[in-house]
Each structure stands twice: as C-alpha cells, then as structure tokens.
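As the structure is a prediction and not an experimental result, all values here were calculated from the model.
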Amino acid sequence: MTELQFADDVLARIRARGSRYDERSYLFVLAAIEFVQTRLPVRRHVTGPELAWACRDLARERFGLLARPVLQHWGVTRTDDLGRIVFTLVDVGLLVTQPEDAEQDFRDVYEFEPAFD
C-alpha cells in the first residue's frame with residue numbers, strides 16, 4: 001500500500017464517521033504531533049494540552065495572521081475541537097492513547113481569539 005492509498009483509506013474511514021471537520025484538520029493535527037516531537041529532547045507521549053499548544057504554534061508558523069481564519073474554515077474554533085479530531089484519529093486506528101488520556105484533556109486549554117491575535 002502506498003502512502004497515498006494509506007492516506008485515502010484513513011480519510012475514507014474518517015468520512016464514514018460523518019466528521020464535521022475539514023479533512024485538512026486531521027492532517028494538520030498529525031503534523032502538529034510531529035512538530036511538537038521535534039521540539040522535545042526525546043520522543044515521548046504528548047499530552048492533550050501540549051498538543052493543543054503545538055497546534056497553535058504550528059498554525060501561527062504556517063499561516064501567520066491567517067491562522068485562526070484557516071482553522072475556523074476547517075471547523076476548528078476551540079481546543080475541544082482538537083480533542084475530537086485526535087480521538088477520531090484514535091478511533092480509526094491511526095493514533096494510540098495512554099490509559100489516562102481523555103478527550104476532556106483538550107477542554108478550554110486556551111481561547112482561540114487571544115491565542116491567535
């Protein structure tokens with residue numbers, strides 16, 4: 001299976017779940033995981049809040065002043081949305097969690113408007 005076939009398969013499984021988020025948001029969260037890992041001295045499990053902040057930092061780096069509008073266009077307007085995306089990726093078998101991980105870990109990590117403005 002090629003990378004493109006793999007990506008198409010994963011996105012098809014996400015589409016089948018009826019996601020309200022743009023497909024690019026899932027790819028972005030996966031990129032944010034790699035982004036945060038490159039900032040750590042050693043690869044390790046990343047917590048929900050750490051990933052939420054990494055998403056903010058990566059969005060600002062990639063999209064600059066358009067970071068918040070881009071994420072909004074994808075349906076991501078709160079850190080809770082990032083948690084839903086992560087746990088969808090878990091449900092389709094692309095990510096794994098630790099026993100203490102919960103979608104609620106992403107709840108209200110920061111407010112989007114001040115974090116991006």
Problem - Heavy-atom check, side chain of R68 versus side chain of D117, under 4.5 Å - result: yes

Completion exercise
dist D91:CG -> T97:OG1 (nearest 0.5 Å) comes out at 9.5 Å

Practice task
For residues V76 and V29, determine if any side-chain heavy atom of one lies less than 4.5 Å from a side-chain heavy atom of the other.
Solution key: no

Exercise for the section: Using a 4.5 Å cut-off on heavy atoms from C-beta on, say whether the side chain of F112 contacts that of Q72. Expected result: no

Completion exercise
Nearest heavy-atom contact between I85 and S25 is CD1-OG, 3.6 Å

Practice task
Following the transitive rule for hydrophobic clusters with a side-chain heavy-atom cut-off under 4.5 Å over Ile, Leu, Val, Met, Phe, Trp and Tyr, establish whether L40 and L58 coincide in one cluster.
Solution key: yes

Exercise for the section: Could you tell me the separation between the CD atom of E50 and the NE2 atom of H45, rounded to the nearest 0.5 Å? Expected result: 8.5 Å

Exercise for the section: Give a yes or no on this: more than 12 heavy atoms of other residues, nucleotides or ligands lie within 6.0 Å of atom CD of E23. Expected result: yes

Exercise for the section: Check whether any side-chain heavy atom of V70 lies under 4.5 Å from a side-chain heavy atom of H73, and answer yes or no. Expected result: no

Completion exercise
Taken to the nearest 0.5 Å, the spacing of D80 CG from E103 CD works out to 8.0 Å

Problem - E113 atom CD, neighbour heavy-atom count above 12 within 6.0 Å - result: no

Exercise for the section: Mind running side chain to side chain contact (heavy atoms under 4.5 Å, CB included) on R62 and F28 for me, showing each step along the way? Expected result: CA-CA 10 Å; R62 282 193 178 175; F28 176 79; 4.1 Å; yes

Handout entry: Any side-chain heavy-atom pair of F87 and D101 under 4.5 Å
Key = yes

Handout entry: Gap between atom CG of L65 and atom CZ of F116 - 0.5 Å precision
Key = 12.0 Å

Exercise for the section: Determine, for D57 against R39, whether the closest basic-nitrogen to carboxylate-oxygen distance falls under 4.0 angstrom. Expected result: yes

Handout entry: D81 side chain reached by R20 side chain, heavy atoms, under 4.5 Å
Key = yes

Exercise for the section: Using the rule that two of Ile, Leu, Val, Met, Phe, Trp, Tyr join whenever any of their side-chain heavy atoms come within less than 4.5 Å, decide whether L27 and L89 are in one cluster. Expected result: no

Completion exercise
Between A54 and A32, the two heavy atoms sitting closest are CB-O, 4.0 Å

Fill in the blank from the handout: Closest non-hydrogen atoms of I33 and V36, given as atom of the first, atom of the second and distance, are O-CG1, 3.1 Å

Exercise for the section: Quick one: do V46 and Q37 satisfy side chain to side chain contact (heavy atoms under 4.5 Å, CB included)? Show the steps, please. Expected result: CA-CA 8 Å; V46 178; Q37 289 290 350; 3.2 Å; yes

Problem - Salt bridge E34-R43, side-chain N to carboxylate O under 4.0 Å - result: yes

Handout entry: Electrostatic pair R78:D108 at N-O distance under 4.0 angstrom
Key = no

Handout entry: Which atom of F106 lies closest to which atom of V86, heavy atoms considered
Key = CZ-CG2, 3.8 Å

Handout entry: Parallel, tilted or perpendicular: ring planes of Y26 versus Y21, cut at 30 and 60 degrees
Key = perpendicular

Handout entry: Closest contact, heavy atoms only, A52 versus L82
Key = CA-CD1, 4.0 Å

Handout entry: Closest non-hydrogen atom pair between E100 and D105, with its separation
Key = O-OD2, 4.0 Å

Practice task
Decide yes or no on side chain to side chain contact (heavy atoms under 4.5 Å, CB included) for I14 and T88, but give the supporting numbers first.
Solution key: CA-CA 7 Å; I14 291 169; T88 297; 4.2 Å; yes

